[in-house]
Amino acid sequence: MKTADNHLVIMAGGVGSRFWPMSTPERPKQFIDVFGTGRTFIQMTVDRFKGVIAPENTWIVTSASYADIVKEQLPEIPVSNILLEPCRRNTAPCIAYVSWRIKAKNPKANIVVAPSDHLVTDVVEFQRVIKSALQFVSETDSIVTLGMHPTRPETGYGYIQANLYEPSLRNKEIFHVDSFKEKPDLRTANLYLNSKEYLWNSGIFVWNVRTIVNALRVYQPDVNEIFENLLPFYGTDKEQEMINQEFPKSVNISIDYAVLEKADEIFVFPADFGWSDVGTWGSLHTLAAADENGNNTIGQNIKLYESSNCVVHTTQERKVVIQGLDGYIVAEKDNTLLICKLEEEQRIKEFSAD
């Protein structure tokens, strides 16, 4: 495997505002610094691939409305590698577009597809797993998804079922997928946790470009045809115009439904590298460093008294003093201050709409 053949695709078109008021439809989660480290989620995603995949082989697929934010936060990525979707059509059209775009440049490319807004804490192990998976797909006509060993009965993730006692012949850490499971209820999630045959679906995929385009041809010919027919325009001044014209004609479908649940040569690489999709303030509460009272504070001038189990995110240099709260979110951004019970954070979307 030539490392020059390795490419990274980061899907960054999401519009989620679950971290409101930090995140908004204009600047969604992938473009904010939730942990107060000075790096946004999408910047941390690119960072963890340094030394594995070069910037010139890194592709960002995002909404046209986020083009300027991507250029601002990732100046090392060539502008020609920032692909702009004119509308939202889920992950299968996104992947079909970027796969054909990469194939036009390098028909031997091995590709990692990653979300732009997840957390990885053990970057050394993450890179080892990615390198091993890239080697595997360079030698086989296989699709590999990274599966995380579950640590709790999580109802917010999809699951992968696999026989983890019979590894593939070429790589002893990779196993054939038996089935994909939707987000379960709590009882089913407990069964998955106890069975040892189920893994969380991280949404990180690895494949060779020939494998994914052939799978799209077989299982989603209508979607594939749109982007294969645009081969003459990729890398030219007409590319964006043609994408704006043809992209909206694609059906709205995820790559899971479109390909993964239909194809045969689907494998999973079970891994442990401190992964989380950090989807809520509550998940941040479990991941960020906490004081002796279970409080997470992200900001420079925060004082808590007689308070416990709170998440306080105030990074705009104001002095913040809190007394007597238990289990609350306190978050500030620009001219908005949120104070909300952690157990009721599902209502944040309701609040942010007012």
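Start at 1 with the first residue, then count along the sequence. Model, not experiment: these values are computed from the prediction.
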Do you know the tightest heavy-atom contact between [X] and [Y]?
X	Y	value
Q127	R48	NE2-O, 2.8 Å
L199	P270	CD1-CG, 3.9 Å
S202	L146	OG-O, 2.7 Å
A104	L231	CB-CD2, 3.8 Å
V223	P93	CG1-CA, 4.2 Å
E265	D141	CB-O, 3.6 Å

If we ignore hydrogens and angles and just use 3.5 Å, is the side chain of [X] paired with the main-chain N or O of [Y] as donor and acceptor?
X	Y	answer
Q240	L84	yes
T62	A12	yes
T236	F233	yes
Y234	F227	yes
R89	P248	yes
S63	G13	no
N57	I53	no
D256	L260	no
N194	N190	yes

In Å, rounded to the nearest 0.5 Å, how long is the span from [atom1] of [X] to [atom2] of [Y]?
X	Y	atom1	atom2	value
K262	Q220	NZ	CD	5.5 Å
Q300	T315	CD	OG1	9.0 Å
I82	I77	CD1	CD1	7.5 Å

Residue pair [X] / [Y], side-chain heavy-atom distance below 4.5 Å:
X	Y	result
L74	V46	yes
L8	I10	yes
L83	W59	yes
I95	V113	yes
D334	Q316	yes
V112	L134	yes
I32	R27	yes
I329	L338	yes

Are more than 12 heavy atoms from other residues, nucleotides or ligands located less than 6.0 Å from atom [atom1] of [X]?
X	atom1	result
Y257	OH	no
K108	NZ	no
E125	CD	yes
R152	CZ	yes
D237	CG	no
L169	CG	no

Counterpart residues, salt bridge (Lys or Arg N to Asp or Glu O under 4.0 Å), relative to [X] (two or more places apart):
X	result
E173	R128
E228	R217
E225	none
K238	E241

>> With ring pair (Phe, Tyr, Trp, His ring centres under 6.0 Å) as the rule and sequence neighbours excluded, what pairs involving residues 292-348 come up?
In response: W281-H313
> side-chain hydrogen bond (donor to acceptor under 3.5 Å, both in side chains): which pairs involve residues 69-86, sequence neighbours left out?
Replying inline: T40-Q73
> Do any pairs count as a side-chain hydrogen bond (donor to acceptor under 3.5 Å, both in side chains) and have a residue in residues 246-255, sequence neighbours left out, and if so which ones?
Replying inline: N90-N252, E246-K249
Just to verify, what does [X] make a ring pair (Phe, Tyr, Trp, His ring centres under 6.0 Å) with, not counting sequence neighbours?
X	result
F175	none
F273	F126
W100	none
Y192	Y159, Y198

Answer with yes or no whether the side chains of [Y] and [X] bring together a donor and an acceptor at under 3.5 Å.
X	Y	value
D5	N106	yes
D326	S308	yes
T188	D185	yes
D47	Q43	no

>> Just checking F136 against F269, ring centres under 6.0 Å apart?
In response: no
> Are the aromatic rings of F41 and F31 close, with centres under 6.0 Å apart?
Replying inline: no
> Would you call the rings of Y157 and W200 parallel, tilted or perpendicular, where under 30° means parallel and over 60° means perpendicular?
Replying inline: perpendicular
Atom pairs and distances, side-chain donor-acceptor, residues 284-298, under 3.5 Å, sequence neighbours left out:
| from | atom 1 | to | atom 2 | distance (Å) |
| --- | --- | --- | --- | --- |
| H285 | ND1 | N296 | OD1 | 2.4 |
| T286 | OG1 | S283 | O | 2.7 |
| D291 | OD1 | N293 | N | 2.8 |
| D291 | OD1 | G294 | N | 3.0 |
| D291 | OD1 | N295 | N | 2.9 |
| D291 | OD2 | N295 | ND2 | 3.3 |
| N295 | OD1 | N309 | N | 3.1 |
| N295 | OD1 | C310 | N | 3.0 |
| N295 | ND2 | S307 | O | 2.9 |
| N296 | ND2 | H285 | O | 3.4 |
| N296 | ND2 | A288 | O | 3.0 |
| N296 | ND2 | A289 | O | 3.2 |

